[in-house]
There are 2 protein chains.
Amino acid sequence: MFHEIKLGVLGAGQLGKMLAEAASPWSFRLYGLDPDPHAPARDLYCSFTCGDFRDFQTVLDFGRKMDIITIEIEHVNTEALEILEKEGVQVHPCSKAITTIKDKGLQKEFYKNQNIPTSPFILIDNRKEIITLVHSGQLEFPFVQKSRTAGYDGKGVKIISTPEDLLEAFDTPSIIEQKANIDKELAIIVSRNIKGETASFPVVEMLFNEKANLVENLLFPANISEDIKIQCQQIATKIINGLDMCGILAVEFFLQKDGSLWVNESAPRPHNSGHYTIEACTTSQYQQHLRAILGLPLGNTSAIVPYSMMINILGEDGYSGLPHYEGISEVLEIESTFLHIYGKKETKPYRKMGHINIIGSSLDSIQKKAIIISEKFKVTSK
Amino acid sequence: MFHEIKLGVLGAGQLGKMLAEAASPWSFRLYGLDPDPHAPARDLYCSFTCGDFRDFQTVLDFGRKMDIITIEIEHVNTEALEILEKEGVQVHPCSKAITTIKDKGLQKEFYKNQNIPTSPFILIDNRKEIITLVHSGQLEFPFVQKSRTAGYDGKGVKIISTPEDLLEAFDTPSIIEQKANIDKELAIIVSRNIKGETASFPVVEMLFNEKANLVENLLFPANISEDIKIQCQQIATKIINGLDMCGILAVEFFLQKDGSLWVNESAPRPHNSGHYTIEACTTSQYQQHLRAILGLPLGNTSAIVPYSMMINILGEDGYSGLPHYEGISEVLEIESTFLHIYGKKETKPYRKMGHINIIGSSLDSIQKKAIIISEKFKVTSK
């Protein structure tokens with residue numbers, strides 16, 4: 001009986017919150033672990049353990065009380081997860097997949113070994129190595145440096161275009177990769193259950209906030225050819241099969257100006273690029289993740305509306321502290337608009353504080369709504 | 001700031017649970033009061049008080065800590081609510097509306113005074129009065145007896161067709177009403193905010209389980225003429241305006257074989273007949289109730305799919321105790337089907353244990369799915 005399954009989640013951020021919200025209509029409740037005592041999902045979990053999911057013993061102790069362990073962040077202690085797997089706890093995604101993904105170096109090598117298209121890269125250990133490579137002519141500007149383990153949400157990524165930029169380079173183990181000649185950035189969520197069955201959601205297009213290096217808006221459907229859509233689906237399916245994981249995987253792509261696709265990176269969990277599925281698809285990415293890891297049939301992934309846009313709500317620049325949400329009434333006045341506030345205790349500049357989904361029957365109408373929302377809705381502080 | 005509003009809910013049943021689920025994406029949380037320590041909404045409220053919402057002092061004490069009070073059941077202590085209103089607590093729906101509705105005698109008199117079409121009726125105090133009326137020829141078989149205050153979910157209603165049935169009549173203050181010549185039973189949810197603006201959801205058709213005297217399935221759209229739909233909307237709007245209440249109101253109708261409409265009864269709160277709105281409409285009845293009582297704009301009430309069916313999941317006859325849900329995987333395998341389990345601690349014969357919504361583009365496809373669901377999904381006990 002699935003109500004008796006104890007499902008533990010490493011992390012209690014907004015992704016954990018929305019996972020708990022997807023489980024609630026089934027009266028299925030989750031157990032959570034997070035170092036932040038005010039984490040957004042805290043009150044939605046039936047039990048919350050305040051502790052560090054990067055700590056070996058903490059994860060081991062937490063996991064031993066669970067039947068299934070999942071994650072809402074990949075920066076967790078995978079050594080503990082390996083032991084839990086040996087002890088018979090189901091870990092979805094498996095520790096091996098998390099280990100591969102959370103180190104961007106291993107992730108790139110995985111793509112290379114699996115013949116997944118991605119930008120050419122080299123692995124380096126420190127800044128000095130980069131400087132040596134540049135001076136010896138083996139590395140040419142511009143290129144991209146990504147810290148192997150540091151970041152997400154655009155942190156830990158630098159574009160290095162000039163000798164001056166080298167001074168700003170990270171002095172940590174990194175990947176150095178060729179800068180893509182980007183036409184569009186795309187993303188897809190693919191799911192895989194215990195039986196190895198897969199199902200992919202529609203491809204979406206990401207629109208960036210340059211200043212924050214964060215996805216600002218996300219558009220469904222991506223304005224690309226059917227052929228590119230199929231390629232995205234095939235590549236994402238190849239990755240999730242290659243990782244031999246259960247759950248959902250988000251894959252981000254660069255569609256280059258020459259029409260070729262490069263995988264940028266993947267995340268083996270619910271992802272920002274799948275938020276639109278909550279209102280736009282038959283099954284949300286969150287419910288799909290639950291279906292996959294609980295051994296239930298995968299849900300239908302098709303959209304129920306012709307168009308959807310997701311607008312990330314980022315903390316306004318210049319404001320920190322207790323959040324103040326401006327424009328709630330104005331947003332709720334706009335038809336077919338869905339407000340998601342993560343309930344974070346504090347806002348910071350560009351912090352993800354929520355998102356707004358819009359659904360509609362024409363691109364024009366949702367774009368107009370998106371403009372109004374961007375103007376009216378702001379997270380400042382008290 | 002609406003996040004600081006303390007909203008207290010009298011009751012923590014499935015309607016409270018779904019209200020909390022609707023509030024969760026906004027990171028808005030509710031305070032609840034219910035006598036059942038295992039009530040379904042308990043863990044979804046940010047604070048739960050175990051106490052009787054029929055008790056004057058309990059409601060008064062609970063309400064004094066709140067900014068707004070709402071209900072998920074109308075059988076609450078309205079004397080306490082009246083005092084709370086005088087003390088400045090917002091009570092939605094207002095105590096006067098609840099008082100009118102919760103006594104079916106007052107409710108019928110309200111309809112009569114407002115020229116709302118409803119079955120002819122008389123008020124009686126005990127069984128003896130009924131017998132006297134029958135013997136004197138003032139009352140003819142068949143007729144319907146409804147206890148003024150006892151029941152909901154089909155309890156407290158008797159159809160009296162023969163002298164023998166008289167022995168089974170309730171010996172309590174009741175209404176005696178003419179039996180409708182029913183073609184269809186219809187329902188509509190209408191909403192009204194603090195400004196007096198109203199919005200009505202689509203009309204639905206109810207299909208009954210004769211044995212349990214409970215709505216078994218519910219179909220959107222009702223298979224009726226546009227004219228009848230408009231009449232339903234107009235009557236429901238007249239009732240909510242007449243009650244001068246804020247929140248949502250469910251109105252149940254008898255469409256008679258001669259084409260005339262009679263109001264059967266109303267409920268000033270989220271209602272079984274509005275469950276389909278969770279997945280079938282832009283705004284759910286629950287979110288609409290929150291919008292109305294929190295002073296937010298009313299949401300768009302239109303359906304986003306051509307057809308929807310709601311199937312009540314009732315506890316199987318012959319089973320009591322800890323519930324066992326049979327057929328979860330089978331139901332989740334059926335496309336565009338949404339499982340709602342209320343998380344009640346115990347099942348009983350015909351107890352409402354959950355519901356399943358189906359959405360689709362053809363009536364035929366959802367009817368086929370409904371048949372499979374009815375066959376596969378059962379709540380038994382362990």
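For clarity, every value in this text was computed on a predicted model and none was experimentally measured. Side-chain atoms are counted along with the backbone in the values below, which use heavy atoms only and exclude waters and symmetry mates. By convention in this document, chain letters (A, B, ...) are assigned in the order of the sequence lines, proteins followed by strands, and residues within each chain are numbered from 1.
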Pick from Arg351(A), Lys352(A), Lys348(A), Lys378(A): which one makes a side chain to side chain contact (heavy atoms under 4.5 Å, CB included) with Leu314(A)? Lys352(A)
Gln90(B) vs Met66(B) side-chain heavy atoms within contact, under 4.5 Å: no
Taking side chain to side chain contact (heavy atoms under 4.5 Å, CB included) as the criterion, tell me which of Leu7(B), Leu19(B), Asp34(B), Leu30(B) meets it with Tyr45(B). Leu30(B)
Using a 4.5 angstrom heavy-atom cutoff, name the option from Gln287(B), Arg291(B), Glu279(B), Glu330(B) with the most pairs to chain A. Arg291(B)
In terms of heavy-atom pairs under 4.5 Å with chain B, the winner among Ser302(A), Gly354(A), Pro25(A), Gly343(A) is Pro25(A)
Structural part of Phe338(A) lying under 4.5 Å from a heavy atom of chain B: side chain
Given the side-chain rings of Tyr319(B) and His324(B), with only the six-membered ring counted for Trp, is the space between their centroids under 6.0 Å? no
Option passing side chain to side chain donor-acceptor pair (under 3.5 Å) with Tyr286(B) (candidates Glu72(B), Lys17(B), His275(B), Glu21(B)): His275(B)
Give the ring-plane orientation class for Tyr342(A) versus His355(A), where under 30° counts as parallel, over 60° as perpendicular and anything between as tilted. tilted
Against chain B, work out which of Ile278(A), Ile341(A), Ile304(A) has the most heavy-atom pairs shorter than 4.5 Å and name it. Ile341(A)
Below 4.5 Å from any heavy atom of chain B, which atoms of Glu333(A) appear? Answer side chain, backbone, both or neither. both
Out of Ser336(B), Ser329(B), Pro40(B), Ser24(B), return the one with the most heavy atom pairs under 4.5 angstrom to chain A. Ser24(B)
Largest heavy-atom contact set with chain A, pairs under 4.5 Å, which of Thr337(B), Leu296(B), Leu332(B): Leu332(B)
